[in-house]
Structure formats: structure tokens, C-alpha cells
Amino acid sequence: MKFSQTFIPTLREVPADAVIVSHRLMFRAGMIRKLANGLFAYLPLGLRSFRKVERIVREEMDATGSLEIKPTVVVPGDLWKQSGRWDAYGDALMRLKNRVGADFVVSPTAEEAFTSLVRDELSSYRQLPLSLYQINTKYRDEVRPRYGVMRGREFVMKDAYSYHTDEASLDKTYQDMGRAYRRIFKRCALTVIPVQADSGAMGGSGSEEIMVESEIGDNTLLLCKACDYAANVEKAGCKSDFKAPPSPDAAKQAGLPPIEKIDTPSVKTIDELCAFLKTGAEKFIKTLIYRAVNVELDLSTAPGAARLEKRKPAPGAPELYPEAFFAVAIRGDLDVNEVKLAAALKASELSLASDSDVERLTGAPTGFAGPVGLHTLPLVIDLTVTAMNDAVTGALAKDLHYRHAAYGRDFEAWMISDVRTVKAGDRCPLCGGELYEKKGNELGHIFKLGYKYTKSMNVTYLDEAGKAQVPTMGCYGIGLDRTLASVIEEHHDGDGIIWPLTVAPYQVIIVPIKYEGAVKALTDSLERELEQRGLEVLVDDRDERPGVKFKDADLIGIPFRVVVGDKNLAADKPRVEIKGRGEKESRLVETAKAAEELAALVKAGLAELNS
Ligand code: ATP
Ligand code: MG
């Protein structure tokens, strides 16, 4: 391909909103252009690399036995109403009406579309397991699209969905997908960190995200210095200090003073309380009141349960409580992890209760809630609280606190759960080693969904005994645009992109010093010979100064550059200069051997990444 015949509008300047390397370089290299906030067009060079990522993803998906299909991007709103996500998905879901007022969505993900298809076709256990995928456009009305195609509004996702008769079969596909993902990212020359992830409130039983380390990452990862434990902070656990509740006698034997009320005038925050009592926050039990939405947990034994409304959102769906309040107690120096809490409560959403709800439920203004004597709400305590036997805590009245409060003696819990946010320095839940933090960006996600969609959407098949059963399900996504941008994040220098061969838009760029005469003739014959050997070649035939062409070649990052110049051609043995994009020095190679040598280099480079 001749540079003058394609469309690679390289630039020296970048728009102000391009703050990360991949966004800047994709823009400058003429790979993408912005149409509107979060909407990007791929130009020819960008599309070539995009297609390479797509091909790698497709090959590895096919190798798992998953079958590619092509559903529509616009999907009937009814399906989303059946799954419950028409309401639950939030504002990122683009909802539309057609000309006769029927509801549709522009797919942000496709559990509903695939599950509806499977529902219509599935009759017998003999059809399972079934794994289907698409590589298709998604739209999410992200609040803050940023970092170019890393977080766009429209993007392409490979999403696969699998259906199974049992957990063992689901687990096999889940493991196969995990391996396929590792191969995909290895072939793209990406260094990834697989981490344990939250599997949600609705019966998911396993979830792994594949991350790349990134300063601008939206995810906090916790990794163990001693073993290979790695988890998203949303999921991360740590070695806890769980203790069985001490008996009142044991507290007495330990010489613990009795619980005592103290006046704490105008003291509300933990910091104020610390200053007032001159102790550290770890001596406090902080109690937060949460409002939870769509709680699937059975609350029949919980205090205040009699007042709660219960509802079946759809036929076949499990009963749930549309709204329920909880008191959550945690050691004062720690934070509640709302994702872990939501998972423990099987709630679809969680927020801190309003001041008026706090007052109504605890009888005291915000800041004075505590576990002692709290009988209006289910009390969830973090594991850390079970180890506290001489704590300060709110006394359910304005300007009053307790001290010497002990778990087991002065209060009991309705539920004990690990709900704290784990931090660097905490101990690994597997080996007790020290945990440290990294920032990461999610490239892919594999997820055992369980029965969430198959139940709510009424999918059944007949088992061997002719009995109707609901299949279990998994889903598996990779963002292609984000993967491509991440390759650039990992492979670049001050001059531009350094493409790994597997994702490079072209493998070789030929730069004639001046595209005329003998130089032109050799350039053209080398191009032909390389193409005959199956290589992808770009020829910079533009009438530009060599310096400009070299700069552009570095910017667009083609793995091998061949410079054809008069001087080297005029020598006894005519030569060309070959240089790898990541190398400092070029080498002179006899023109007669150039094609063979380049073909060998490309072949070896590809083989290494694809092995
Ligand atoms: P994030 O936490 O980054 O918003 P997510 O958890 O919403 O991602 P999934 O629903 O698991 O993402 O989607 C699967 C993959 O799709 C992600 O791993 C990511 O690679 C890609 N992806 C998600 N949102 C976007 C986006 N706005 N732009 C580009 N790619 C995206
Ligand atoms: Mg995800």
C-alpha cells in the first residue's frame, strides 16, 4: 500500500482532552478521530490494528468451541423488562422508542438478547452445554467518557454467553475462557493481571477480571507480596481477626469494666470523638445506617422485618424486599466496602440512609448510632468488630456515647460478615503475607452468572428424566478498543508507537529517500516481493523530506523500517537499511537478501507472540 493512496492524517499536535499516551498517539498517528464526546471513528490505519485484535479474539474464542453469531444491537425493551434490568441498569442504558412507541435499548451488553434466543431454541439437555459469542457494537451512555477509546460511549465488545445443565460444566467453560483470555492478551503482547472480582448479589459463584496495570486505572487491585493472591478491592478479603463471641463470664474474668454512658456534647464525627476522648479511631465502633434496594436475603428473622414489604418482581423470580434498612458496624479506622456489603445482603443497590431515616430508625440524629440496644434494625457487624471488647460507640441518643462496650456481652449481631475495604498493608487472606496496591484497567471479565437471567427470563430444558430444569449460565467479555489502546500504553516511546507484530497495522514500512529513478524501482520491486511472501507493507511514496517520513514512521510504529537511498544502491553491492522500530541502530542488508531476511524476522516475531 502506498502512503499517498491511503489516508493516514498524522499530526504533531494533540487536542487538550487527550491526556493519556494511547489517546494522544492514536490521534497523532491518524488512527482515530473524534466525532463527539465518547464517539470515535477509526481511520484506515486504526482499523487495520483493530481488525488484528478482532482476529486474535475470534481465533481464540473459536478454539474454545464457542460459536459466533450476530444478533442485533437494538434489542426489544421487553426483554430487558423481563430480566429486571430495564429499571435496574441505570442511566448508562440508552432506551429508545420506535415510531409506534415500542421500547428498545441499544445493547450495552447482551445477556437478554442471547438468553431470549436460547430460550426459544432450547428444549433438551442434549443441546447443552451451549456457548455462543458475538463481536459487536455496544453503547453505554457513560457519565464521563474519557481517555479516548479506553472509555468511549460506543465501543466493540466480544461477549460470550454459555448455558449448562450443572455447575461442573459451567466451571469447565469458565476455565476454558480464562485460558483463552490469557492467550489473547499474550498474543497482543499485553502484561495482564488476573484478579478475583465481585460476582454480584444475584447468585454468581465466580468472577475474574483481567487487568492491565495503569496509572489512570479505575480499579484498585490488592496483590500479595508473598503468594499469587490478587483481587479487585471490591472483592478483596484479608486475614481477619474473627473471634467467637466472648461469654459475659469471660468478659468479667478478663477484668473488663462494665459498659458506661458518657456525655459527648456536640461531638459527631469520629475525628471529633478521637480528639475528645484522646484515643485512636481503632477503639471506636462506627455504625452506619444503609438503605438497600431489592434485597433477596431472607429477612424473616431480622428485627423490624414485620414492617417490610415483600414482592416478586416477575413470575418465576425470587421474592425480594424492594427496600430495607440495615445498621452496619465496623472498627472506626476502617471503611465499609459497599460492593462487599451489597453482595452479603444480596441487594442490587445500596446507599447511606438519609438523616431523617437515621433519626426515624435509631431515635437519634446521624452520628450517634451504635450497636448497643439497637432493636429496630438488623445489625450487620464486620468481622473486626467481633474482636472488640472495650470499645467506644454511639448510644442512640444525641450527645451520648458508650465506652467499654464488648461484643457478645453488650450486643449481638444479626449477621457477621467481612465488609471492610482492604488496604495496602493488610494481610493476605490466603497466606497472611503483606498486601500492596496497584491501579488497574479492566480489559476482560469472566463471570459465572448462575441462574439470574435464566430464571427471570424463564429458560427451561427437559432433563434426562423428562423434567423441566433451568440452565445455569456464564458470561465473558473483552473490550476490543480498550485492548488495542492498552497495547499502545505498554508499547511506545517518546517518538511514537512500537507495535508488536501481531497487532501492527503493517509489518514493514519502506521509506525511499526520494521516490524516483532507481530508488523508486527498487522500492516497488521490494514491496512486490514482500507482499508475495505474505507480508503487509506500507510504502512512504510521499514527496516529503526524509526527516518528515522518518518521524511519521516512528510515530505510526511499524515494526520494521527499510530505507532505500541512492548512496547505498550505488555501492558495489547495493544495499538497503533495515531497522526494528524498537532498535537504535539500523543495519545494511544486500538488496537481494532484504525480502528474505525481513520475511524471516516477521515470521519469527509472530511465532514468538502466537506460541
Ligand atoms: P468498567 O468497570 O471499566 O466500566 P465494566 O465492568 O462495566 O467495565 P463489563 O461490563 O465487564 O465492563 O464489559 C466487558 C469489557 O468491555 C470490559 O472489560 C472493557 O474491556 C470493555 N468496556 C466496558 N465499558 C467500556 C467503555 N465504556 N469503553 C470501552 N470499553 C469498555
Ligand atoms: Mg466488569
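Remember, it's a predicted structure, so these values are computed and weren't measured experimentally. Remember, it's 1-based here, ligands and their atoms both numbered in the order they're listed. Worth knowing before you read on, the calculation uses all heavy atoms, side chains too, and leaves out hydrogens, waters and symmetry mates.
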Query raised in the report: What atoms of ligand 1 come within less than 4.0 Å of a heavy atom belonging to Val149?
Result: 29 (C)
Query - Any Lys225 side-chain heavy atom under 4.5 Å of Leu435 side chain - result: no
Query raised in the report: Just going by heavy-atom distances, which of Pro145, Gly152, Gly440, Ala92 is nearest to atom 28 (N) of ligand 1?
Result: Gly152
Query raised in the report: Near Met150, which atoms of ligand 1 are under 4.0 Å from a heavy atom of that residue?
Result: 28 (N), 29 (C), 30 (N)
**Report entry** Distance-only N or O hit between ligand 1 and Gly477, under 3.5 Å
**Finding:** no
Query - Ile497 vs Met31 side-chain heavy atoms within contact, under 4.5 Å - result: yes
Query raised in the report: Do the non-hydrogen side-chain atoms of Tyr161 and Thr109 ever get within less than 4.5 Å of each other?
Result: yes
Requested in this report: Check each atom of ligand 1 against the heavy atoms of His445 and keep those under 4.0 Å away; list them by number with element.
Outcome: 11 (O)
Show which side-chain atoms of residues 37-50 pair as donor or acceptor with protein atoms under 3.5 Å away, not counting sequence neighbours.
from: Tyr42; atom 1: OH; to: Asp481; atom 2: OD2; distance (Å): 2.8
from: Arg48; atom 1: NE; to: Pro505; atom 2: O; distance (Å): 2.6
from: Arg48; atom 1: NH2; to: Pro505; atom 2: O; distance (Å): 3.3
from: Ser49; atom 1: OG; to: Val503; atom 2: O; distance (Å): 2.8

**Report entry** Close-contact set for ligand 1 against Glu142 heavy atoms, below 4.0 Å
**Finding:** 24 (N), 26 (C), 27 (N)
Query - Option set Arg151, Lys158, Arg140, Arg482, criterion heavy-atom distance to atom 25 (C) of ligand 1, minimum - result: Arg482
Query raised in the report: Is Met157 close to ligand 1, meaning an N/O of one under 3.5 Å from an N/O of the other?
Result: no
Query raised in the report: For Thr109, is the nearest heavy atom under 4.0 Å from an atom of ligand 1?
Result: no
Query - Counterpart residues, salt bridge (charged side-chain N to carboxylate O under 4.0 Å, His left out), relative to Asp159 (two or more places apart) - result: Lys138
Query raised in the report: What atoms of ligand 1 come closer than 4.0 angstrom to any heavy atom of Glu442?
Result: 2 (O), 6 (O), 8 (O), 9 (P), 11 (O), 12 (O), 17 (C), 18 (O), 19 (C), 20 (O)
Query raised in the report: What class does the angle between the rings of His23 and Phe27 fall in, given that below 30° is parallel, 30 to 60° is tilted and above 60° is perpendicular?
Result: perpendicular
Query raised in the report: Are Glu167 and Lys448 ion-paired here, with the side-chain N under 4.0 Å from a carboxylate O?
Result: yes
Query raised in the report: Can you check whether Ile478 has an N/O within less than 3.5 Å of an N/O in ligand 1?
Result: no
Query raised in the report: Can Arg95 be said to sit on top of Trp86's aromatic six-ring, NZ or CZ under 6.0 Å from centre and within 45° of the ring axis?
Result: yes
